[in-house]
Amino acid sequence: MEIEKVYEPQRFEPHWAQWWVDQKLFHVSVENAAEPGQPYFSLAIPPPNVTGSLHMGHMFEHSIIDAQIRWQRMCGKKTLWLPGTDHAGIATQIMVERKLAEEGLSKFDLGREAFEARVWEWKEQYGGRIVEQMKRAGVSCDWDRERFTLDPGLSRAVREAFVRLYEKGLIYRANYIVNWCPRCQTALSDLEVEHEESQGHLWHIVYPVNGSDTKLVVATTRPETMLGDTAVAINPLDPRAAELHLKSVRLPLTDRDIPIVLDEMAELGFGSGAVKITPAHDPNDFEAGRRHDLPSIQVIDENARMTAAAGKFAGLDRFEARKAIVAELEALGLMEKIEPYKLNAARCHRCRTIVEPLVSKQWWMSMKPLAEPAIKAVEDGRITFVPANWSKTYFEWMYNIRDWCISRQLWWGHRIPAWHCGDCKEVTVARETPSACAKCGSVNLVQETDVLDTWFSSGLWPFSTLGWPDNTLDLQAFYPTSLLVTGFDIIFFWAARMIMFGIEMMGDVPFRQIHIHGLVRDADRQKMSKTKGNVIDPLVINEKFGTDAVRFGLLVSAAPGGDIALSEERIDAEKAFANKIWNASRLLFSKPRDGAGAAVSMADRWIASRFNAAAETANRAFEHHRYHEAADTLYHFWWDEFCDWYLELKKPETDWSYAYVIYEKALRLLHPLMPFITEELWQRLETGGKSIALAAYPQAEACDAQVEREMNLFQGVVTQIRQDRAANKIDRGQSLTAELHAGGEHAVFAALKDGIERMGNVTLTLTDASPFALKLNIPIDRARLEKENEGLEKQIANLDRQLTDEKFLSKAPEKITAGMREKKAGYEAQLAKNRAALGL
RNA sequence: GGGCCCGUAGCUCAGUUGGUUAGAGCGCCUGCUUGACACGCAGGAGGUCACAGAUUCGAGUUCUGUCGGGCCCACCA
């Protein structure tokens, strides 16, 4: 068979990518899927935002998922990877707004309907691009099940979930202080606010006390909010409390008197001991205002400008107002001091604008009742994290969960299914658009203009994509899904909410396992960002090195949860690996394939033993999401063992049929990590199968221990001889491999014997039982093994003592004792092995 | 303030219940244009596993503390 000297992935990858899609190779039909008793593996993709194109983080995540999915599929499960995209409310709206701005337009110029149409156009363009990228990367999704969070079906799910929660009293509407982004013109949830330390000032302002000479000094980081102060608090234990309590202060720059209240929020010893209270512009003060029944005066509006209540500062931007107010206080001699102060600026997660806390009427979701069963699901192991440590982060957040502000004042998203009656002001929440007010029967109804937080619809993703709220065959077949693969940054945003929604709506967890992966960074471990200019574009790097090489490079450096330092060097090494496999194939394909396909020669038996070891490790690694281990193992199996050893030993042999057998299995072993090259080569083998992706994943077979021992010794001895020869300890005219083959079996033994004699610590006996039977004895360090055994016996005795102690057993959880028993079994196995080696 | 993670070869990182001589890729050195592959082959140098204790027959691996670095959460003006 003709085969090119250098592997050029670009020539083959697009073809197979297209073929996999065209053949619907990864489509699972409902009828088949619903087959009872058939184990399944299902996974809903973390839907990429339709804001642009995919980045390396997606490529990494998809490589992990695809490896797992392909492995599961080859292991014989009904396998579904459901693809899709997310409408990504604010993020997408911002992108479209920016584009409009380039045309000199704002969304208001278009109006809501036309604007939404523009976003849909954007979605078609970028959503399509993302899907094309994924298809080209060869991910094994079921493309017939592609979903988008704003699809009619998913929108129906959103309404259903909203109405159910509303009817249960878990969704409510309330006036409360929220994070307001003046640029995005919307409320944000706590999670959408980022805190960033910045250098600011602490201004100490004198508030004159009425009817007293005491000068009360108040410290603040935001002087512009003072115009909205409605009280000053001092600690009840403050020595001045008795004197000042029930007195009032004259709020500077205004003609208002505000009370002095006692509240522990004023920490003794901090600053001047007095705190201004601005219920309209600070979450803390909002609560304090409620405690003391204080009025709330809004002095900053939705555009971050001062309101009419700010008097002569009205209309100024909040930061301009700050300067003006500070200047005026200084002029009045009311600024006692200004000190530098580090503070946490709250910024909008999407646009980086400094958030303004404002009181407004929003829709909220009660989280405590939903969090409780979700905590339990992780506690009792119905959901497990990989790596397990992340469960602590999850618990931490869930225990302290606060109500979720779910309404957004955006135009792009799911309109909240609530209608306001123009006559009686009643709010009607319904699955279907109501024709009349539920209370007064008026037809004067207007739908709520707010949309839902984008994470509301994402939270329903694992079941809304399978047809919920209908009880579809898909849901029966694939829910709960098996696994969620995602980054740590969205555990709260998404994973936690899916768990809560899943348990609430479906009565069961949305997935069994959560694999949290790390970040893809650049070669210097810096985060990739457009501003730093260190972004590696998957399209570019895939074209340069081949998708297989990039996937493999990502996975081989991906310890569970670990970040990846991505360098072209690394990927280049994996490209060389693909080329190595290619060239091994060239050699193999130049040999005749006829023969019985049995492992006859020493080399055959050795590679069979090595293959089993690799298969065992690979299967275990996939099972435990240890992709780097699978990749590392297969890399060394292919390169060091299959190519460097096996093929070299095989060259002078005539019967290559077993080489074809092991080669075909080795391709299957590698397929989940390098789908393209393995498909290409496997197709060339013409096995009669449709695709390697549908072939069985090799499992380790029980190996004759004696054979394995012999083969390992064989390898060890040859290595030793090679090293001795390289060090000129062996004077030999020919190379060892030449001898091994040229002289036949006797030469093999002669070579081994020679090497063994030179090693001086091994004895070799030739037997007549089989032409290739070796009997080797390696002297062992008896003293060391005996000492180790003593220790092992001691440990076993210790464990035994505990495991038979009634008191201990009654207290210790099953988990602990099971672990101890396992440990004991391990020690006993080791002990038995040592004893066997010692001849006991 | 609370929580999590990291510190192993020049660089980037593996090292799953503690167990023979601590590994890989890249880089470096030596020798090879060996009929699959120079994107290759054979060999080599390089590590007090941050530091100090503790547990153990045995610690890179477990525990405590110190130092150094990173991340997340949090309403302290």
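Chain identifiers are assigned alphabetically (A, B, ...) following the order of the sequence lines, protein sequences preceding nucleic acid strands; residue numbering begins at 1 within each chain. Atoms considered below: every heavy atom in the structure, side chains included; atoms not considered: hydrogens, waters and symmetry mates.
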Run through A/Asn542, A/Ile536, A/Leu566 and flag the one making a side-chain contact (heavy atoms from CB on, under 4.5 Å) with A/Val550. A/Asn542

Give a yes or no on whether the backbone of A/Leu685 and the side-chain of A/Arg593 come within a donor-acceptor separation of less than 3.5 Å. yes

Verify the contact: side-chain N or O of A/Arg586 to OP1 or OP2 of B/G35, cut-off strictly under 4.0 Å; return yes or no. no

Check the side chains of A/Ser189 and A/Glu192 for a donor-acceptor pair under 3.5 angstrom, ignoring hydrogens and angles. yes

If you compare every side-chain N and O of A/Asn389 against the phosphate oxygens of B/C5 (OP1, OP2), does one of them come in below 4.0 Å? yes

Using modelled atom types and a 3.5 Å cut-off, is there a donor and acceptor pairing between side-chain atoms of A/Asp263 and backbone atoms of A/Ala233? no

What about A/Lys580, does its side chain sit under 3.5 Å from the base of B/C39 through a donor-acceptor pair? no

Taking atom types as modelled and ignoring hydrogens, do the side chains of A/Gln513 and A/His625 form a donor-acceptor contact shorter than 3.5 angstrom? yes

side-chain contact (heavy atoms from CB on, under 4.5 Å) between A/Asn235 and A/Leu262: does it pass, once the steps are laid out? CA-CA 5 Å; A/Asn235 194 289; A/Leu262 301 184; over 6 Å; no

Value in whole Å for how far the P atom of B/A36 lies from CG of A/Asp644: 14 Å

Pair assignment for B/C4, Watson-Crick or G-U wobble, requiring both distances under 3.5 Å: B/G70

Nearest whole angstrom, please: distance from the C1' of B/C4 to the CD1 of A/Ile516. 13 Å

Rounded to whole Å, the CZ-P distance (A/Phe492 to B/G3) equals 15 Å

Taking the same atom, C1', in B/U30 and in B/G46, what whole-Å distance lies between them? 15 Å

Go ahead and name the base partner of B/U33; Watson-Crick or wobble counts if both distances stay under 3.5 Å, otherwise write none. none

d(CZ, A/Arg626; C1', B/A14) in whole Å: 9 Å

Which nucleotide in B/G15, B/U12, B/A36 has an atom nearest any side-chain atom of A/Lys651: B/A36

In whole angstroms, how far is the P atom of B/C37 from the OH atom of A/Tyr7? 18 Å

Which protein N or O atoms sit under 3.5 Å from an N or O of nucleotides 75-77 of chain B?
{"from": "B/C75", "atom 1": "OP1", "to": "A/Arg402", "atom 2": "NH1", "distance (Å)": "2.4"}
{"from": "B/C75", "atom 1": "O2'", "to": "A/Asn284", "atom 2": "ND2", "distance (Å)": "2.5"}
{"from": "B/C75", "atom 1": "O2", "to": "A/Asn284", "atom 2": "OD1", "distance (Å)": "2.1"}
{"from": "B/C75", "atom 1": "O2", "to": "A/Asn284", "atom 2": "ND2", "distance (Å)": "3.0"}
{"from": "B/C76", "atom 1": "O2", "to": "A/Glu267", "atom 2": "OE1", "distance (Å)": "2.6"}
{"from": "B/C76", "atom 1": "N3", "to": "A/Glu267", "atom 2": "OE1", "distance (Å)": "2.2"}
{"from": "B/A77", "atom 1": "OP2", "to": "A/Tyr341", "atom 2": "OH", "distance (Å)": "2.7"}
{"from": "B/A77", "atom 1": "O2'", "to": "A/Ala219", "atom 2": "O", "distance (Å)": "2.6"}
{"from": "B/A77", "atom 1": "N6", "to": "A/Glu267", "atom 2": "O", "distance (Å)": "3.2"}
{"from": "B/A77", "atom 1": "N6", "to": "A/Phe270", "atom 2": "O", "distance (Å)": "2.5"}
{"from": "B/A77", "atom 1": "N1", "to": "A/Glu267", "atom 2": "N", "distance (Å)": "2.8"}

Does the cation-pi check pass for A/Arg322 over A/Trp203, that is, NZ or CZ under 6.0 Å from the six-membered ring centre and within 45° of its axis? no

Nearest-neighbour nucleotide for the A/Lys5 side chain, B/A38, B/C39, B/U16 considered: B/A38

On RNA chain B, more 5' by nearest nucleotide between A/Leu647 and A/Lys575 is A/Leu647

Can you tell me the distance, in whole Å, between the CG atom of A/Asn579 and the C1' atom of B/C41? 14 Å

Could you check which nucleotide pairs with B/C28 in any of the strands shown, counting Watson-Crick or G-U wobble with both distances under 3.5 Å? B/G44

Rounded to the Å, how far apart are A/Phe577 CZ and B/C41 P? 12 Å

Take atom CZ of A/Arg620 and atom C1' of B/U17, then tell me their distance rounded to the nearest Å. 12 Å

Taking B/U12, B/U16, B/A14 as options, the one with an atom nearest any side-chain atom of A/Glu629 is B/U16

For B/A59, give the paired nucleotide (Watson-Crick: N1-N3 plus N6-O4 or O6-N4; G-U: N1-O2 and O6-N3; both under 3.5 Å), or none. none

Closest to the side chain of A/Lys392, out of B/U16, B/C4, B/A24, is B/C4

Looking only at side-chain N and O atoms, does A/Trp397 come under 4.0 Å of OP1 or OP2 in B/G2? no

Pick the nucleotide of RNA chain B nearest each of A/Lys591 and A/Glu396; which residue has the one closer to the 5' end? A/Glu396

Does A/Ile571 offer a backbone N or O that forms a donor-acceptor pair with the side chain of A/Glu574 under 3.5 Å? no

